[in-house]
Protein chains: 2
Amino acid sequence: MTYATDPVQSDRSRDALTAAHLYYLQDLTMEAIAQELHTSRSSVSRLLSHARETGLVNIQIKSPLDAPSHLEQQIEARFQVTAHVVPVPDSASDVDRLERVALSVARILGQYFDSNMTMGIAWGSTMNAISRHVTPKQTHNSQVVQLNGAGNMRTTGLGYASEILGRFGTAFGAHVQQFPVPAFFDDPATKQALWRERSISRLIDMQATMDIALFGLGSPFSGVISRVYAGGYLEQAEFDALSTAGVVGDVATVFYRADGSTDGITLNERSTGPDFTVLRRTPRRICVVAGRSKLASLRGALAARLITDLFVDESTARALVEAP
Amino acid sequence: MTYATDPVQSDRSRDALTAAHLYYLQDLTMEAIAQELHTSRSSVSRLLSHARETGLVNIQIKSPLDAPSHLEQQIEARFQVTAHVVPVPDSASDVDRLERVALSVARILGQYFDSNMTMGIAWGSTMNAISRHVTPKQTHNSQVVQLNGAGNMRTTGLGYASEILGRFGTAFGAHVQQFPVPAFFDDPATKQALWRERSISRLIDMQATMDIALFGLGSPFSGVISRVYAGGYLEQAEFDALSTAGVVGDVATVFYRADGSTDGITLNERSTGPDFTVLRRTPRRICVVAGRSKLASLRGALAARLITDLFVDESTARALVEAP
DNA sequence: CGGCTCCTTGCACGTATGTTCAATCCGATT
DNA sequence: AATCGGATTGAACATACGTGCAAGGAGCCG
C-alpha cells in the first residue's frame, strides 16, 4: 500500500471498512475481527464507531412500503404531505423531544441529499440540533445554501449560522454558501438594493433553484420562544405588530397566519428569507417539528403549502390529526 | 388499529419498526425501548433481531466511492468487471471461505434486485449457501427464474433446486419459476423438442430478458468437486470427454475452456443452462467465487465475458491478479 | 371441559460491547 | 537532541446484549 489514495486517513478508513464488512456483513464478533486485523478488541470497537460516524456504514429503516403507521396515513390524507412520525414517549420533555426528532432526521437526511444537488437550510434551534448529528455522506458538486440572514443588532450572525451551515457542508462534502446579511433589514429599500447586487443575487438564484429545503418552524406566540424572538432580532414594537396581524409562525423568518396567508405582514418586506412563492417551487421541502407548542405554527405552514415532507414527534402528530 | 393492514403480524412488525427506529435512529438502549414499549428488554432484543432478519432494517456498507481497495481496482482494470473482495483470513478453510463470501453476498443482494425485475439463478453449493442467508426485501411484480435443470438419473432435482429457488423467492416476495428438466438430456433432440413447447419456451424467454443473473462456478478438475460432478449428473465417460476437450469450468452446467471458448464441447448441446450468447445479454451478471481451487474456472469465465460483477474472497482475489 | 401442543414472555446467566484510564508513540517545536 | 502536546493503544472495568429455560397463554382436538 505504498501509494494509498488518501495518505492521511487511508489506513484507518481501510481498516474501518474491513471491520465493518466483517461485523455487519459476516456477523463476526469484535474479538474475532481484532485477531484478523492484528489489534485489540477495543480498537475494533472504536473502528466500528468511526465507520458509523463517518457514514461508512449506512443503517436505514424501511417501512415495508405498505405499512406507514396509522398516524402517518392520516396526516398524508389530510394534508397531502409525506409524514414521518418519530416515536417519542408522551412523558418526554420538549428538549428531549427536539433532540430525538433531530437525531432521527439527521440519520435519514442522507437518503434525500445526493451529488449535484443544492440544499437550502434555515437556522434556529431545530436546525442547530439536527446539524449536530448529521451523518456524513460523500457527495460531489453539491451545495448547501443559507436561506435567510442571521445578523442582528448585536452580532453579524456569522458565527452561529455558519456553524450550522458548516456542519452540513462538511458532512456532505458540499460547498457552503453563506448569506451575510441581517435577519431583518431596517429599511426595505436596502434589501431591494442589495438584492440587485450580483454577489447576493447569485445566492438568491441558488435558493430559487435548490432541490431541497430544510427548515424548522418559528412560533412567536407560544410557550417555548424560538431563537428569532429570544436573540434580539425583533423589537417589542415589531413583535406586537406581528401579534395584531394574526401571525402564528414563520419559516426562515418569513411570517404567516393560521390560514397560511402572508399579505399585509409588513415585516416580511424587510425579512431576508425566501418568499413563499419562491419556496413553493422547491421540489422537496422538509419541515421538522418537535413539541406541541408549535402546533398552531405547523397548521399554518401546512395551510400555506410550504411542506412536502414532514418530520414530527408522535404526540404532536396525534394532536395534529385531532379536530382542527 | 381496528383495520390493520396485515392482521397476522401487524402488531409484531409495527413494534419491531418502532423498536428499530428507537435503536438505530435514536440510539436508545434496549432497556429504554422496553420501557416505552411496555415489555421486557429480552423481547426488544428479539424484536430487533426480527427487524434485521426480515429486512426491516437495512445495513449497508458504502465504499466511499473513491476508495475501492487496491485489489478491487486491479481486478477492475484487468478484467473490466466490478469487483467486491470479501475479507477472509488466509487461514480460513474452504468451507469457511464459501460460507463467509456467501453471507456477504446474501446481505448485499437486495441492493441489486428490485421491483419489476427478473433474476435468474443457478443452483449448486455456492447458490445454496447464499440462499440460506438472503436478507429479505419486499418487491412487487418480480420474478426469480431457474437457469438450468437439476434432474438426474436419481432424482427429478425438484427438491434441492426448488429449495434454493424458494428461499430467494420468499425473501424477495417474487414469483418463482422452476425449470422442471434434467440438468442434461440424454438426447439433444429431446431438448430441441422440449424447447419448442410453449410452457418451456416461456421460461427460456424469461431467461433471455432477465435483469440479473446470479451464479457460482463449477470446476470439474480441481480439489473440491462441485455438486454437478458429485451428484450423479455425469457419467465417467462424459467426464473424460470434458477433460480431453480442455474444459476448466461451467456456469449453470454450460462448459467452457480456459480461453472462454465453448465450440465443440458436445455436452453443452445436451445441457439445459442458458447459452453464453444469451447470458451475455443480461445487463448484470453476478458471479460468486470462494476458494482458490476455482481460480482456473474463474479465469475462464472472465475470458468468456460472463461476469459483470464479481464477488470473491480475498486470497483468491490476490491469486487472480498475480501473473496469468 | 381437560389435555395437548406450539408460541410467546420474562428471568437469569454468560458473553459481547462501550468507555475510562494510564502508558506509549509520534511529530512538531524549540 | 530534548521536550511537549495530542493522538492511539490495550487492560480493566461497567454496561448492554443474546439466549436457554421454565412458566404462562392461546388455540385445537378429543
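Note on naming: letters A, B, ... go to the chains in the order of the sequence lines (proteins, then strands), and numbering restarts at 1 for each one. If you're wondering where the values come from, they're calculated on a predicted model, not measured in any experiment.
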Novice: Hey, does Ser49(A) reach any base, or is it just sugar-phosphate, or nothing, if we go heavy atoms under 4.0 Å?
Specialist: nothing
Novice: Is Arg52(A) close enough to dG18(C) that one of its side-chain N or O atoms is under 4.0 Å from OP1 or OP2 there?
Specialist: yes
Novice: For a quick test of reading the model, state the closest non-hydrogen atom pair linking Asp114(B) to Thr139(B) and the distance between them.
Specialist: C-CG2, 3.9 Å
Novice: To the side chain of Met30(A), which of dT17(C), dA11(D), dG18(D) is closest?
Specialist: dT17(C)
Novice: Take Ser40(B) and Leu28(A), find for each the nucleotide of DNA chain C with the closest heavy atom, and name the residue whose nucleotide sits nearer the 5' end.
Specialist: Ser40(B)
Novice: Identify the two heavy atoms, one from Tyr112(A) and one from Ile212(A), that lie closest to each other, and give their separation to 0.1 Å.
Specialist: O-CD1, 3.4 Å
Novice: What closest approach, in Å, do Leu56(A) and Ala16(A) show between heavy atoms, and which atom pair accounts for it?
Specialist: CD1-CB, 4.4 Å
Novice: Can you check the Glu31(B) CD to dG18(C) P distance for me, whole Å?
Specialist: 17 Å
Novice: I want to check one thing: is the phosphate of dG10(C), taken as OP1 and OP2, less than 4.0 Å away from some side-chain N or O of Thr39(B)?
Specialist: yes
Novice: Quick check on dC17(D): is either OP1 or OP2 less than 4.0 Å from any side-chain nitrogen or oxygen of Thr29(B)?
Specialist: yes
Novice: Nearest whole Å is fine: how far is dA16(D) C1' from Gln35(B) CD?
Specialist: 14 Å
Novice: Quick check on dA16(C): is either OP1 or OP2 less than 4.0 Å from any side-chain nitrogen or oxygen of Tyr23(A)?
Specialist: no
Novice: Starting at atom CZ of Arg46(A), determine the distance to atom P of dT8(D), rounded to an integer number of angstrom.
Specialist: 10 Å
Novice: Tell me the interatomic distance from Leu47(B), atom CG, to dT19(D), atom C1', rounded to whole angstroms.
Specialist: 15 Å
Novice: Of the candidate nucleotides dT19(D), dG10(D), dG18(C), which contains the atom at the shortest distance from the side chain of Ser43(A)?
Specialist: dG10(D)
Novice: What's the closest nucleotide to the side chain of Arg41(A) if the choices are dA12(C), dT20(C), dC13(D)?
Specialist: dC13(D)
Novice: Can you tell me how far P of dT17(C) sits from CG of Asp27(A), to the nearest Å?
Specialist: 10 Å
Novice: Quick check: closest heavy atoms across Asp94(B) and Ser293(B), and the distance to 0.1 Å?
Specialist: OD2-OG, 4.2 Å
Novice: Looking at every heavy atom in both Thr135(B) and Gly55(B), which two are closest together, and how far apart are they?
Specialist: CG2-CA, 4.0 Å
Novice: For Tyr24(B) and dA16(D), what is the distance between atoms OH and C1' respectively, to the nearest whole Å?
Specialist: 13 Å
Novice: Should Ser45(B) be listed as having a side-chain N or O under 4.0 Å from OP1 or OP2 of dG18(D)?
Specialist: yes
